[in-house]
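Beneath this line is the structure, given in C-alpha cells, with notes to follow.
Computed from heavy atoms alone, side chains included, the values below leave out hydrogens, waters and symmetry copies.
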Amino acid sequence: MFFNSLLTNFAALEVGQHLYWQIGNIRLHGQVFLTSWILLGALLVFISLGTKKMENDPKGLQNLLEFLWDYIRDLARTQIGEKVYRDWMPFIGTLFLFVFVSNWGGALIPWRLIKLPSGELGAPTADINTTIALALLVSLSYFYAGLSNKGWRYFEYYVHPTPIMLPFKILEDFTKPLSLSFRLFGNILADELVVGVLVFLVPLILPIPVMFLGLFTSAIQALIFATLAAYYIGEAVEEHH
Amino acid sequence: MLAFNFFGATEGGLFDINATLPLMAIQVVALTYILNSLFFKPVGNIVEKREKFVSNNIIEAKNKLSEVKKLEADLLTQLQSARTEAQRIVSEAENESDKLYKEALELANNEANASKEKARLEIESQTSAARDQLSKQADDLSELIVNRLILEK
C-alpha cells in the first residue's frame, strides 16, 4: 500500500516527462531550452556587465571575470599543454561555464514554482540530450585537434606504445563520450531526484544539507567535464617520441 | 508507471533522445563563439597585457639593479685605487721629507763638524803659539837669570 503511494508520489515528481515543442517534423524538449536560455542569458548579461569597462586596474566584476579567465587558462594549459592551449581555451571555458551555470542554475533556482503544462523546468544538464551533445562536441574536438595538429600521424596514437593497444584505443573513442555524458547526466539528475524526493517526504530542514551537497557535486561535475575534455584534447595533440 | 516510463517509451522517458541533441550542440558552439568574442578575447587581452607589463617592469628593474650593482662595484674599485694612490703619494712625500731631513741634518752636521774642527785647529795653533811664546819667554828669562848670576860673580 505504502509502496504504491510512494510510486504515485514519485510520479508527482514527473520523472521523464517533457514539455514537447513540435516544429515541423522534429520534436524538442522545450523545458531544456527554456532553462538554458534563461541561464545563458543571465551568464551573458553578467559577462557583458563585467567586461563593459575594462581597466588595467581591475575593479568589481572585472576582478571576478579575470579570476575566472585565469582559472580556465590554468585548466586548459595544464591539460592541453603550452603549445596549443590558446586555440582550445574558449571551448574548454565554454564547456565549463555552460555546465557550471546549468548545474548551479538548476540547483539554486526554485524552478518547481513555475508550472508547465507538462514536465518541469530544471537543470539543462539533467537531460540526456544536452549531455550527449556536449560529449559529442568533445569527441569531435579532440579528433579535429589531433588531425589538424598532426595530420595523419594522429593515428599513431592508436598504436602507441604497441599495436596491441589498437582495439582498446578504438573502444576508448566510444567510451569517452559515453562516460562523459552519462556521468554528468546521472549526477545532476540524481541530485535533482534526491532533493525532490526529500523535499516531498520531509519538507523541513533535512533537504538543506543534501542541497549543499548538490551544489558541491554540481561544481565538481563542471570541473570534471571541462578537465576531461581538455585532457582528451591534450592527449590527441600530444607528440609521441 | 514510472518504472515503465524510465526507459525507451515512445513518448517521454529519461532517455528520450530527439532533435534537442543537435540543436543543443549548435547552441553550445554558438555560445563558444559568443563567449570567445565577449569574454575570452577581451579579458585575455587585458590580462596578458598586464602580465607583459609586469614582467617587462620586472626585467627593467632587474637590469637597473644589475647596472646599479656594476656602478657600485666600479665606484668601489675607483675608491680603492684612489686610496692606494693617496697612500702611495703620502708615503712618497714622507720618504722625500725624510730624505730632505737627513740631507739637511748631514749638511748641518758636516758644517758643525767643520767649524768645530776649524775651531779646534785654531785653538791648537793658538795653544802651540802661546806655548812657544811661553817657552821663549822662559828661555829669555832663564838666560837673563843665568846672565845675571854670571855677572854678579
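Under the 3.5 Å distance criterion, the side-chain polar atoms of A/N129 are matched with a main-chain donor or acceptor of B/D16. B/T20 places a side-chain N or O within 3.5 Å of a backbone atom of A/H29 that can act as its donor or acceptor partner.
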Would B/L21 and A/L136 satisfy side-chain contact (heavy atoms from CB on, under 4.5 Å), going step by step from the backbone distance to the final call?
CA-CA 10 Å; B/L21 196 161; A/L136 288 181; 4.2 Å; yes
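B/D140 CG: more than 12 foreign heavy atoms inside a 6.0 Å radius. Atom OH of A/Y231 has 12 or fewer neighbouring heavy atoms from other residues, nucleotides or ligands inside a 6.0 Å radius.
Here the closest non-hydrogen pair linking A/A133 and B/A25 is CB-N, 3.8 Å. In terms of heavy atoms, A/E66 sits closest to B/I46 at OE2-CG2, 3.6 Å.
For the options A/W69, A/F185, A/W37, A/F33, heavy-atom pairs under 4.5 Å to chain B are most numerous at A/W69. Note on A/L65, A/L95, A/D127, A/I26: by heavy-atom pairs under 4.5 Å with chain B, the leading option is A/L65. When A/A126, A/S36, A/G50 are compared by the number of non-hydrogen pairs under 4.5 Å with chain B, A/S36 comes out ahead.
Counting only heavy atoms from C-beta outward, the side chains of B/I17 and A/I128 approach each other to under 4.5 Å. A heavy-atom distance below 4.5 Å is not found between the side chains of B/F39 and A/T94.
Using a 4.5 Å cut-off between heavy atoms, A/F46 makes no contact with chain B at all. Heavy atoms closer than 4.5 Å to chain B are found in the side chain of A/T51, but not in its backbone. Residue contact with chain A, scored on non-hydrogen atoms closer than 4.5 Å, involves the backbone and the side chain of B/L38 alike. If you measure heavy-atom distances from A/L28 to chain B, the contacts under 4.5 Å come from both the backbone and the side chain. Only the backbone of A/E55 comes within contact range of chain B, with at least one heavy atom under 4.5 Å from a heavy atom of that chain. No part of A/I23 comes within reach of chain B, as not one of its non-hydrogen atoms sits under 4.5 angstrom from that chain. With a 4.5 angstrom heavy-atom cutoff, A/L140 does not touch chain B via any of its atoms.
Note: B/I34 CD1 to A/L40 CG = 8.5 Å, rounded to the nearest 0.5 Å. Between the CD atom in B/E48 and the CZ atom in A/R73 there is a gap of 6.0 Å [rounded to 0.5 Å]. Note that the CE atom of B/M24 and the CD1 atom of A/I132 stand 12.0 Å from one another [nearest 0.5 Å].
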